[in-house]
Amino acid sequence: DAIQRHETTLRRRVVRCAECLAGIDLECQRTGTDARAIMVGSLEVFAEEAGMSEFFAAAVIVAIVGNAAEHGGAVVVAYRGKITLAAEIALASAAQVAVFLIPAVTLIALLIDPLALGFRVVEIGALAFALVVTAITLWGGVSSRLRGAILLVAYVLAATAFWIAGEHERHDASPNV
């Protein structure tokens with residue numbers, strides 16, 4: 001009975017947190033405030049004080065904070081039993097980066113001489129790993145807690161690879177991919 005009450009309280013808190021994040025995002029859109037820029041600036045200081053590499057902070061921490069509204073919205077929708085919509089929200093966010101943002105940055109990089117667009121081996125490896133794991137877990141169109149756990153473990157593995165790579169992987173003599 002106490003465990004059930006704890007789970008219910010935890011669920012309410014998670015849903016409330018997700019609703020708050022979604023509300024902040026909507027208010028920022030309404031007022032034209034760039035809350036993400038404020039959060040990213042704060043994260044740079046946090047990363048330096050926490051001893052994280054800039055690479056890890058940019059690849060993992062900024063990605064989580066920058067997409068907090070989408071993540072929160074997906075959690076709220078999933079909690080309300082609309083699993084298909086929750087999956088579409090999460091996948092659409094990733095697809096937006098893959099289909100629009102990376103090609104747009106590539107084209108902009110052609111116009112700006114000092115901007116060098118180069119991906120590290122660990123980034124390309126993580127992208128390929130994420131693609132394979134996501135495709136396998138989504139195969140058949142059925143969700144389960146096990147499949148969700150597999151996706152979370154895959155994320156932790158990718159984040160761990162970014163942590164280990166840190167600032168050590170890139171050297172002036174080694175070419176970028």
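Note that the numbering runs from 1 along the sequence shown for the chain.
The shortest side-chain heavy-atom distance between F129 and I124 does not fall under the 4.5 Å cut-off.
With values rounded to the nearest 0.5 angstrom, T137 atom OG1 is found 7.0 Å from I150 atom CD1.
V133 and A154 make their closest contact through CG1-CB, 3.7 Å (heavy atoms, listed as atom of the first residue, atom of the second, distance). Shortest non-hydrogen contact noted between G166 and S53 is CA-OG, 3.5 Å. In plain terms, the two heavy atoms of F55 and A165 that are nearest each other are CE2-CB, 4.0 Å. Closest of all the heavy-atom pairs between I89 and A74 is CG2-CB, 4.0 Å. The two residues F162 and A59 make their nearest non-hydrogen contact at CD1-CB, 3.6 Å.
At distances below 3.5 Å, not a single donor-acceptor pair connects side-chain atoms of T134 with backbone N or O atoms of L131.
L152 and L146 fall into different hydrophobic clusters, defined by Ile, Leu, Val, Met, Phe, Trp and Tyr side-chain heavy atoms under 4.5 Å apart, directly or through other members. Residues L151 and L157 share a hydrophobic cluster, clusters being chains of Ile/Leu/Val/Met/Phe/Trp/Tyr side chains in contact below 4.5 Å. Under the 4.5 Å side-chain heavy-atom criterion for ILVMFWY residues, a single connected hydrophobic cluster contains both V60 and W163.
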